Amino acid sequence: MTEVLLNVLINAQTLDKGLLDMEGALTARDRVGIQDFVLLDETTEVAFISNLKKRFSKDLIYTYIGTLLVSVNPYKELDIYNKKQMDVYMGVNFFELPPHIYALADNAYHTMLTEFSNHFILISGESGAGKTEASKKILQYYAVSCPSTNLLNTVRDKMLMSNPVLEAFGNAKTLKNDNSSRFGKYMDIQFNRQGDAVGGHILNYLLEKSRVVHQNHGERNFHIFYQLVEGGSDDLLQQLGLERNCQQYNYLTQGECAIVASINDKNDWKSVKNALQVIDFDEVNTNHLFEVVASVLHLGNVQFDTDNKGHVLLNNNTELNWVSNLLGVDAHSLQEGFTFRKIEAKTDQVLSPFTIDHAIYARDALAKAIYGQTFTWLVNRINESMENKDASQKTVIGLLDIYGFEVFYVNSFEQFCINYCNEKLQQLFIQLTLKNEQDEYEAEGIEWEPVQFFNNKIICDLVEEKHTGIISILDEECLRPGDTTDLTFLERLEEKMGNHPHFVTHKLADKMTRKTLERGDFRLLHYAGEVTYCVVGFLDKNNDLLYRNIKDLMCQSKNAIVRECFSIMDLDNRRRPETVATQFKSSLVKLTDMLTAKEAWYIRCLKSNESKKSGQFDEALIRHQVKYLGLMEHLRVRRAGFAYRRKYEVFLKRYKPLCPATWPHWTGPPADGVEVLAQHLGYLPDEYKMGRTKIFIRHPRTLYATEDAYEKCKHDLATKLQAKYKGYKAKEEFQKQKEAATKIETCWRGVQARKEREKRAWAVKVIKKFIKGYLTRGQAKTTDNSEYLQFVRQSYLNRLKDNLPKTVLDKTSWLTPPPVLTETSEMLRKLHYRLMVRKYVRGITPQRKAQLQLKIITSSIFKGKKDNYPQSVPQPFVDTRISDQDINMRVLQMIRNEQIKYSVPVIKYDRNGFKPRPRQLILTQTAAYLVEEAKIKQRVLYASLKGISVSNLTDGIIVFHITCEDPKQKGDLAMQCDHLFEFLTKLSAIAKKENVIKVVQSSIKIQIQAGKESAVDFSTGQEPMVYKAKNGHLMVVATRTRPR
Ligand SMILES: Nc1ncnc2c1ncn2[C@@H]1O[C@H](COP(=O)(O)OP(=O)(O)O)[C@@H](O)[C@H]1O
Ligand SMILES: [Mg+2]
């Protein structure tokens, strides 16, 4: 391996992107190991590997070198590929979070969107290092995190689902990897301007067809064969003539590991079937596809024999019939194709019988051809299904997952191609990184320093150079007439390559090396290490010949897939067929051209150990990979000149708080600001350089110091900003509230004012109406006054309700009604009084009733007649004025037969001389008794009481006019009684003498005795007096009634 001293121009375009947020990585540097190797203190391999190991032991499988992602296969499921993680990385700057494949995917995506440029992600590493897994993770990330619509979802599903199908047909278990991709795959994901994934396209490279017919020990054929046999339904197997036993099929058993624990063919079969549906495979196509797969298995079981002339014979027609059946070709022609060669000589065709080797070759060639062609057909179908027919401009992110560098015990043509491919990709990587590196330094006008770097161009040339390269020689050998064999090819190589530093054979090697080489081997010193190739099969594989008659037969196949594939092939073959190696070479040239036009992102996958065990970190193995992947050089390139660079604006923006002159605003050119800042921070002259647009810092420690200062300062700043911001927020909030309050207030005032206005308008209307009503209140009811009248009525009635007279006696307080209600009021008044009377009447006791009845009698006799009557009205009548105890026993004895009804003290005036004598007057049922102590002085039978006279004045004089037929009988009785009204009322009630009571004016005649008359004269005066006047009459002076 030659170390070439290159004038390596430090840094690269990728690096620029990586540096965008290197500061994030800085802050995270104290976690497990270092997240970005660029920030490693020393760039030794030991430090590098120790950092990888440290991180690997904590399951941190990703580490950056700038934007390059180094991934170490953990060989175990890590919980870092879920939706949550995707969300975390979505739209976040590269170095702000721990390294992750999502970060790289996301950054590529966002750069594509913002720059509207095409990108590709180159995933490299040796077989089993995790390339295919990485590409799947990226695809999943885009599927989940890109914007989506229903339509796009189906495109996405197809992109995702193309994987299991392609893996079933193109992957196999090898010694290195249980799911090794045996074809190269480049997939473009197309995005529209909005960033939606709108389509996809796959390019496939060189399927390892030889695997169909041969597998090394410990390896398997392509997964699909085992999946079909293990997982296919009984019906399907029967239809395809297959048995559920892999051991039955020669093509499946050569590696002696048809069944392995790590692979679940049955389940995988289900996923493949499901995926086929998603990518629009109809039943017909699916059936054809499985017919092809089954026909290959049957082909493997077609056995030959030889006759005595050494010509080949078919010893069992069953398998052949199945093949002809499944491929829809004539069985006889097929048999002929396997046993004879058709030689075309001008117009004639001659059939030449095969030897057994030829027959086997023809059989295997057919098996490889149909499988290989079908694989290409499959990729085309998938492309059709994912195609975006929209013509609008799109950008793409390409995912290159191509077979990794491979070294087996025996390496053949396929490994040669695969490793050549890896050389090409390494070359692309070097070119892209170095070129950009140079560009940047030149653009910035910075002096650069040379870095030792191995350029593998020499190996690429060795393989591919026109005329002198290995491929050219191989092709020549394939096409050269005469007896060419693999060994003649080797000889030609030895002739031409002779002293090439990367080429060696048994013959060319020195003694030591010779021991390690067989005679049929040649060895290449690849950039990734030595690989010894066995030339056996190189010519055949490169020619990839299929006998003409078999090819023609396939063009007539009833299986649409086979017919289609071979017809296309046939057309191609009209021209001189290109050899496999040349085809491969040109496809790689195309690929490199295509990639060079895009921006590159790199993922370097490392295998942690050979035994696919988790947790094992095989340092030697890792060191080897680190070396051949050129990771150290890459790192050194990144670090050699300046570990860090940044656009002035960006640098200033981040670090300006560290210098009073630049904080908070720098108004001059950013470069000057950075210079001031650098001076302030005390950067030494050789620690940094000022480019045209960027500052370049040589050592990470300078940056660390700056970053540490920034971290410290950030906290203070943060507090300040927080306080300011909080104040600002509070103010803003206050302003908002104030504005809101004013607004509400205004609105409210408006509402109130409108209400008030309405109220006033209403009031004016009402008042107007009221006045009109008032003015016309006397008229008949009109629209103008009806309401007013209504109001008047209501108001009167309401007032009346509250001011009704409380007693019957209250005759004055009845409210005066308005004219409209005069009648009503009168009716109400009467009603009300009646009601009160009724209530009153209901309320009085029988005693009181009796009393009142007596009072009525009194009233009928005296009302308006006797002056002191009104004063008597409120005086209640009592039952008697003299109780029985106060009446003498003897008197009581004497009148015991008569019930005493009433007794009252009187003053009786003697008939002779009108001497006043106090007496008791007792009323019984039949008579009135005048009693003095125990003596009854006079008994006046009611029947003989012909009249009773009283004066109209206020005196108490009563005169009984008694019928006096008997002269012995005493004459009229003149008395004075204080209870005149009571006494006379009782008397008239008892004796029914109401009508005989007379109220007389000025004088009452009295008969003192029969024939002897006198009189009682009445007059008024100051003092009441009763005396005998000179004329012999009884003179009564009564006081005048006080006017009431
Ligand atoms: N990121 C990963 N996490 C877990 N296992 C992984 C990861 N990458 C790879 N592997 C394991 O390694 C195996 C080989 O990976 P694969 O991607 O097929 O390798 P390559 O394509 O490089 O040959 C996978 O089948 C898987 O078991
Ligand atoms: Mg792979």
Side-chain angles (χ1 to χ4, degrees), residues 52 55-56 58-63 69-82 85-86 89 98-105 121-141 162-164 166-187 202 204-208 211 219-220 222-223 260-265 267-268 271 399-408 414-415 418-419 421-422 425 528 602-618 621-622 625 628-629:
L52 264 190
R55 291 176 62 73
F56 183 79
K58 291 280 188 301
D59 284 342
L60 301 169
I61 62 165
Y62 296 120
T63 311
L69 180 73
V70 179
S71 157
V72 186
N73 190 344
Y75 285 116
K76 65 173 171 187
E77 297 296 323
L78 299 179
D79 189 23
I80 56 170
Y81 303 112
N82 43 38
Q85 284 279 321
M86 292 185 186
Y89 280 91
H100 201 295
I101 192 160
Y102 292 159
L104 185 128
I121 301 173
L122 192 152
I123 310 166
S124 51
E126 68 184 66
S127 181
K131 300 181 296 296
T132 303
E133 291 298 319
S135 79
K136 283 194 263 186
K137 304 277 182 299
I138 294 173
L139 199 59
Q140 279 159 5
Y141 181 76
S162 66
N163 252 331
L166 286 181
E167 286 195 3
F169 282 84
N171 287 23
K173 173 189 162 22
T174 67
L175 286 172
K176 307 273 176 191
N177 181 354
D178 290 347
N179 181 34
S180 179
S181 321
R182 307 316 298 166
F183 68 107
K185 180 180 164 194
Y186 173 78
M187 180 176 189
I202 295 170
N204 61 315
Y205 297 93
L206 195 64
L207 179 74
E208 185 196 47
R211 183 167 298 273
E219 301 201 346
R220 297 208 312 176
F222 295 103
H223 296 320
V260 277
S262 62
I263 302 172
N264 188 335
D265 291 311
N267 275 356
D268 292 347
S271 336
L399 280 179
L400 186 65
D401 167 26
I402 210 155
Y403 11 61
F405 189 76
E406 263 177 13
V407 193
F408 289 112
E414 286 81 7
Q415 276 67 48
I418 287 172
N419 293 341
C421 169
N422 279 274
L425 293 176
Y602 303 98
I603 300 173
R604 298 299 216 183
C605 299
L606 305 181
K607 219 167 155 168
S608 50
N609 61 77
E610 287 287 8
S611 40
K612 304 167 201 165
K613 283 214 180 90
S614 66
Q616 269 193 22
F617 189 88
D618 181 339
L621 184 68
I622 295 272
Q625 295 170 83
Y628 79 68
L629 286 172

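We use all heavy atoms of the structure for the numbers below, so side chains are in, but hydrogens, waters and symmetry mates are not. Since the structure is predicted, the reported quantities are computational estimates derived from the model, not experimental observations. Order of appearance sets the numbers: ligands from 1, and atoms from 1 within every ligand.
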Quiz item: Quick one: does Lys607's side chain have a donor or acceptor within less than 3.5 Å of a partner on Asn73's backbone?
Solution: no
Quiz prompt | Pick from Asn177, Leu606, Asp178: the one approaching atom 18 (O) of ligand 1 most closely through a non-hydrogen atom | solution = Asn177
Exercise. May I ask you to identify, for Lys176, whether its side chain, its backbone, both or neither come under 4.0 Å of ligand 1 on a heavy-atom basis?
Key: neither
Quiz item: What are the atoms of ligand 1, with element, lying closer than 4.0 Å to any heavy atom of Thr132?
Solution: 17 (O), 18 (O), 20 (P), 21 (O)
Quiz item: Can you give me the OG-the Mg ion (ligand 2)-OG1 angle for Ser181 and Thr132, to 10°?
Solution: 90°
Quiz item: Has ligand 1 got any nitrogen or oxygen that is less than 3.5 angstrom from a nitrogen or oxygen of Lys131?
Solution: yes
Quiz prompt | Polar atom proximity, Tyr81 to ligand 1 (N or O, under 3.5 Å) | solution = yes
Quiz item: Heavy-atom contacts under 4.0 Å between Glu126 and ligand 1: side chain, backbone, both, or neither?
Solution: backbone
Quiz item: At what distance is the nearest protein heavy atom to atom 4 (C) of ligand 1, and which residue and atom is it?
Solution: Lys76 O, 3.0 Å
Quiz item: Which of the numbered atoms in ligand 1 are below 4.0 angstrom from a heavy atom of Ser127?
Solution: 23 (O)
Quiz item: N/O of Ile61 under 3.5 Å from N/O of ligand 1, yes or no?
Solution: no
Quiz item: Backbone or side chain, does any N or O of Asn73 fall under 3.5 Å from an N or O of ligand 1?
Solution: yes
Quiz item: Taking 4.0 angstrom as the limit, do Arg211 and Glu219 come out as a salt bridge?
Solution: yes
Quiz item: Taking atom 2 (C) of ligand 1 as the point of reference, which of Pro74, Ser180, Ser71 owns the nearest heavy atom?
Solution: Pro74
Practice problem: Using side chain to side chain donor-acceptor pair (under 3.5 Å) as the criterion, point out the one residue from His223, Lys185, Lys136 that pairs with Glu167. | Solution: Lys136
Quiz prompt | Tyr102 six-ring face occupied by Lys137 cation (under 6.0 Å, within 45°) | solution = no
Quiz prompt | For atom 17 (O) of ligand 1, the protein heavy atom that lies nearest, with its residue and separation | solution = Glu133 N, 2.8 Å
Exercise. Find all atoms of ligand 1 within a distance of less than 4.0 Å from any non-hydrogen atom belonging to Asn179, and give their numbers and elements.
Key: 18 (O)
Exercise. Over all heavy atoms of both residues, which pair between Tyr186 and Tyr205 is shortest? Give the atoms and the distance, please.
Key: CB-CE1, 3.9 Å
Self-check item: N/O separation below 3.5 Å, Ala134 to ligand 1
Solution: no
